[in-house]
Colleague: 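Sharing a structure below in structure tokens format, with a few things to ask.
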2 protein chains.
Amino acid sequence: MNKRAGAPPTIIDVARQAGVSIKTVSRVMNKEPTVHADTRARVQEAVAALNYRPQLSARSLAGAKSFLIGLLYYDPSAAFVAGVQQGATLGCREAGRHLVVESLQENGADVQAQIESMLAALRPDGMILTPPLCDNPAILETLRAQRTPCVLISPAGEGHGMASVRMDDALAAEELTNLLISLGHKSIAFIEGNQAASQRRREGYERALKAHRLLPDPSRIVPGTFQFESGVEAARRLFALPEPPTAIFAANDFMALGALTEAQRRGIAVPGDVAIVGFDDSDAASLVWPPLTTVRQPLAEMAMAAVQMLLAGDARFDADAPAPVRVLPHEVIVRGSTAAPAKGRA
Amino acid sequence: MNKRAGAPPTIIDVARQAGVSIKTVSRVMNKEPTVHADTRARVQEAVAALNYRPQLSARSLAGAKSFLIGLLYYDPSAAFVAGVQQGATLGCREAGRHLVVESLQENGADVQAQIESMLAALRPDGMILTPPLCDNPAILETLRAQRTPCVLISPAGEGHGMASVRMDDALAAEELTNLLISLGHKSIAFIEGNQAASQRRREGYERALKAHRLLPDPSRIVPGTFQFESGVEAARRLFALPEPPTAIFAANDFMALGALTEAQRRGIAVPGDVAIVGFDDSDAASLVWPPLTTVRQPLAEMAMAAVQMLLAGDARFDADAPAPVRVLPHEVIVRGSTAAPAKGRA
DNA sequence: TTGAAAGCGTTACCAA
DNA sequence: TTGGTAACGCTTTCAA
């Protein structure tokens with residue numbers, strides 16, 4: 001006897017229809033190998049006929065998995081969330097999981113409480129953390145205490161022993177700097193940011209200079225905050241130097257756009273008088289003139305990899321196994337903001 | 001007897017600790033009024049002592065709610081997802097719900113299957129749809145068939161009888177146009193987009209012109225695609241007119257940025273020779289020079305309202321009750337890309 | 001105002 | 001290879 005019609009079919013309905021036990025249906029649904037091919041076919045037929053889909057809450061209550069992956073973030077740029085999320089949702093779909101997103105409210109003390117409460121309620125199979133949360137020791141400790149598998153996206157340091165996915169910021173910066181050098185630039189300034197990524201990018205910048213025996217000039221390395229305005233300010237200082245640089249490498253696009261704006265305000269031609277490169281390939285990078293030469297972070301791919309690592313068990317707390325780190329390839333995008341320096345200025 | 005230590009406490013542990021039945025604990029957790037104050041206090045004490053948190057899967061299996069809200073999107077701009085999501089996660093947290101995000105893969109035929117499968121597995125308490133999904137009749141029909149409460153964010157038309165949240169695009173466009181008119185502009189061009197919102201914005205633009213007895217000139221209304229390049233192209237056509245406009249209203253920021261770029265490439269000063277306004281307050285709007293005068297959509301607020309409507313039952317399929325529509329206030333943001341027209345050009 | 005017991009739909013253990 | 005049956009942790013119904 002069917003329950004009231006209209007109610008979604010349950011495993012019992014399928015078992016009855018296929019003439020097997022519910023346990024066998026369960027085995028088929030979970031792709032367990034120990035089922036006879038005929039039986040399996042019969043069950044699958046019944047599943048299709050009834051349009052049966054196992055209910056998540058029942059599965060997770062009875063079993064060990066929740067089929068949920070959590071994505072935790074706090075005040076990142078829109079492009080960053082969107083990119084990561086795109087990859088995470090795709091990865092989850094492929095794996096039959098679902099993505100639960102939580103944007104933490106504040107970086108205050110109750111953040112831990114927020115996380116604990118989420119973990120207790122949802123019991124996610126794994127968590128994905130983005131900067132700056134993935135660099136917050138208190139948060140990582142909370143997660144570790146609950147033994148929730150985690151993968152960090154682009155952590156600042158070594159990820160505190162947790163699995164992580166990143167791109168090679170230093171290498172990308174080195175490539176970008178090499179591009180400028182190969183165009184003929186010898187006087188290349190660097191605008192720093194106030195996040196961990198900036199440090200790594202600067203390393204690559206200096207590595208490239210050294211490889212070409214161009215001595216880094218401290219006066220050409222100016223601070224910034226990853227904000228547009230700080231790029232304007234930094235450029236102002238650079239253009240005021242007795243010998244202004246012929247190229248500017250900003251640690252992110254926003255600051256590069258600030259530098260671009262300041263150059264244009266002063267009638268300094270880009271890329272004619274000064275070449276400018278950024279980092280991140282933000283939306284705005286291709287929405288200005290000249291469009292910005294920059295580096296694309298493989299955000300979606302990184303998030304997808306994170307999901308895969310989570311489900312492959314790479315993020316378990318296996319004690320002495322070193323935490324795995326996956327490094328994904330980036331892409332240098334050459335646009336109109338770079339060119340060879342004007343005659344006599346190289 | 002406690003289970004193995006380390007396992008999270010259950011309702012049974014709390015009941016034992018408080019000396020009441022599990023049903024009473026359940027009542028307290030669900031804030032049911034029919035509990036004596038003393039009993040309630042005793043239970044809450046036990047809950048705090050054990051750090052008890054009800055498990056979602058058990059709650060949803062036993063009860064009628066899943067405590068999950070779904071957010072469905074397909075290829076929107078990063079800023080749009082990020083904005084909506086910020087509001088949705090906050091709204092969910094306040095309501096003790098969690099946000100499950102699904103980004104559909106394609107706008108193809110299997111989209112319905114994707115949705116059905118999600119609904120069957122998750123049984124979300126409600127769904128939030130963003131454009132263009134919220135304008136897709138097939139998708140809406142699928143949702144309606146499952147009787148899942150839905151709230152549409154900025155649907156194109158009347159929302160097909162479903163609850164929706166929107167801003168008043170036409171009013172905002174009218175205000176923006178009025179701003180230009182009040183600055184002294186009489187020759188204001190409009191760059192259209194290829195989405196429903198563009199239509200509404202154009203209505204407001206024309207309303208403002210008519211109110212000031214400025215006849216809309218068809219040659220000053222040019223098509224676009226909401227993409228940067230189409231803004232460049234549109235501006236090219238406008239600047240080639242015998243009498244170029246003194247102001248350009250682009251139906252979104254990306255096209256406005258294209259127009260800005262084209263103006264600068266031609267040495268046409270902004271806002272001196274031509275004023276430019278956009279729509280959406282995208283990141284890039286404040287990352288260029290001059291920064292763009294535009295309109296901010298209250299995306300986060302709209303999403304938060306959507307969650308509230310969902311939980312208030314505003315989105316139930318109550319047959320003859322008309323679907324509720326909430327309209328949220330926007331914000332006109334005046335920046336550097338607008339000024340009075342140059343003498344003699346008004 | 002409180003409680004006992006019967007589910008909810010699935011997985012897991014153990015036996016056949 | 002299969003099936004019976006006991007969990008899983010909570011809400012709900014019905015009684016007290």
Side-chain angles (χ1 to χ4, degrees), chain A residues 1-4 7-44 46-47 50-68 96 119-123 125, chain B residues 1-4 7-44 46-47 50-68 96 119-123 125:
Chain A
M1 49 177 175
N2 279 317
K3 332 253 163 157
R4 43 184 184 157
T10 73
I11 198 172
I12 299 181
D13 300 321
V14 177
R16 190 156 24 212
Q17 171 110 359
V20 298
S21 74
I22 61 170
K23 177 63 214 186
T24 299
V25 177
S26 173
R27 286 196 178 96
V28 172
M29 296 311 289
N30 290 297
K31 304 196 201 310
E32 286 175 35
T34 63
V35 178
H36 194 84
D38 293 353
T39 316
R40 178 183 305 275
R42 210 139 32 88
V43 170
Q44 283 169 335
V47 166
L50 295 173
N51 198 21
Y52 166 73
R53 304 247 180 46
Q55 194 173 322
L56 224 61
S57 49
R59 298 220 310 170
S60 59
L61 180 57
K65 304 176 269 187
S66 72
F67 302 92
L68 261 25
L119 294 179
L122 252 32
R123 315 277 161 107
D125 294 338
Chain B
M1 47 177 176
N2 279 317
K3 333 256 162 158
R4 40 180 187 160
T10 73
I11 197 172
I12 300 181
D13 300 319
V14 177
R16 191 154 25 212
Q17 170 108 359
V20 298
S21 74
I22 62 169
K23 175 62 214 186
T24 298
V25 177
S26 172
R27 287 199 178 94
V28 172
M29 295 312 288
N30 290 297
K31 303 196 201 311
E32 285 174 34
T34 63
V35 179
H36 195 84
D38 294 353
T39 315
R40 177 183 306 274
R42 209 141 30 88
V43 170
Q44 283 168 334
V47 166
L50 295 172
N51 198 21
Y52 166 73
R53 303 245 181 48
Q55 194 174 321
L56 225 60
S57 50
R59 295 232 274 174
S60 59
L61 181 56
K65 305 176 268 188
S66 72
F67 303 92
L68 261 24
L119 293 179
L122 252 32
R123 315 276 162 108
D125 294 339

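Labels below follow one simple rule: chain letters A, B, ... track the order of the sequence lines, proteins then strands, and each chain is numbered from 1.
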Colleague: Start at the 5' end of DNA chain C and walk down; is the nucleotide closest to A58(B) or to V20(B) reached first?
Modeller: V20(B)
Colleague: Look at the side chain of K23(B) and the base of dA4(C), then say whether one donor and one acceptor between them are separated by less than 3.5 Å.
Modeller: no
Colleague: Exactly one of L68(A), L122(A), L61(A) should register a side chain to side chain contact (heavy atoms under 4.5 Å, CB included) with S57(B). Which one does?
Modeller: L61(A)
Colleague: Over how many whole Å does the gap from I22(A) atom CD1 to dG9(C) atom C1' extend?
Modeller: 8 Å
Colleague: Does any non-hydrogen side-chain atom of I12(B) lie less than 4.5 Å from one of R16(B)?
Modeller: yes
Colleague: Write down the distance between OH (Y52(B)) and P (dG9(D)), rounded to a whole number of angstrom.
Modeller: 10 Å
Colleague: Per the atom types in the model, does the base of dT1(D) pair as donor or acceptor with the side chain of R27(A) at under 3.5 Å?
Modeller: no
Colleague: Has D125(B) got a side-chain atom pairing as donor or acceptor with K65(B)'s backbone, closer than 3.5 angstrom?
Modeller: no
Colleague: With a 4.0 Å cutoff (strictly under), does any side-chain N or O of T39(A) reach OP1 or OP2 of dT2(D)?
Modeller: yes
Colleague: Expressed as a whole number of angstroms, how long is the span from Q55(B):CD to dA7(D):C1'?
Modeller: 13 Å
Colleague: To the nearest Å, give me how far apart CG (L56(A)) and P (dG9(C)) are.
Modeller: 14 Å
Colleague: Which pair of heavy atoms, one from R123(A) and one from R53(B), lies closest together, and at what distance?
Modeller: NH2-O, 4.4 Å
Colleague: Roughly how many Å is it from CZ in R16(B) to P in dC10(D), rounded to a whole number?
Modeller: 13 Å
Colleague: Nearest to the A62(B) side chain among dG9(D), dT12(D), dG3(D), which nucleotide is it?
Modeller: dG9(D)
Colleague: Heavy atoms from C-beta onward define the side chain here; which of dT2(C), dT11(C), dG9(D) lies closest to that of L61(B)?
Modeller: dG9(D)
Colleague: To the nearest Å, how far apart are H36(B) NE2 and dT2(C) P?
Modeller: 7 Å
Colleague: Given side chains that start at C-beta, do those of Y52(B) and Q17(B) come closer than 4.5 Å, heavy atoms only?
Modeller: no
Colleague: Below 3.5 Å, does any donor atom in the side chain of R53(A) face an acceptor in the base of dG9(C), or the other way round?
Modeller: no
Colleague: Which atoms form the tightest heavy-atom contact between R40(A) and V28(A), and what is the distance?
Modeller: CA-CG2, 4.1 Å
Colleague: Can you tell me which nucleotide in dT1(D), dG9(C), dC10(D) comes closest to the side chain of R59(B)?
Modeller: dC10(D)
Colleague: Could you give the angle between the helix axes at the two ends of the helix from dT1(C)-dA16(D) to dA16(C)-dT1(D), with five pairs per end, rounded to 10 degrees?
Modeller: 30°
Colleague: Would a 4.5 Å heavy-atom cut-off, applied to side chains only, mark R27(B) and K23(B) as touching?
Modeller: yes
Colleague: Rounded to whole Å, how long is the line connecting atom CZ of R40(B) with atom P of dT2(C)?
Modeller: 9 Å
Colleague: So, is S21(A) close to the dG4(D) phosphate, meaning a side-chain N or O under 4.0 Å from OP1 or OP2?
Modeller: no
Colleague: Could you walk me through whether E32(B) and T34(B) pass the side-chain hydrogen bond (donor to acceptor under 3.5 Å, both in side chains) check?
Modeller: CA-CA 6 Å; E32(B) 285 174 34; T34(B) 63; 4.5 Å; no
Colleague: Just call it for T24(B): base, sugar-phosphate, or nothing, with non-hydrogen atoms closer than 4.0 Å on any strand.
Modeller: sugar-phosphate
Colleague: Respond yes when some side-chain nitrogen or oxygen of T10(B) is under 4.0 Å from OP1 or OP2 of dG9(D), and no when none is.
Modeller: no
Colleague: What nucleic acid atoms does F67(A) come within less than 4.0 Å of, heavy atoms only: base, sugar-phosphate, or nothing?
Modeller: nothing
Colleague: Tell me: NZ of K31(B) to P of dT1(C), nearest whole Å?
Modeller: 18 Å
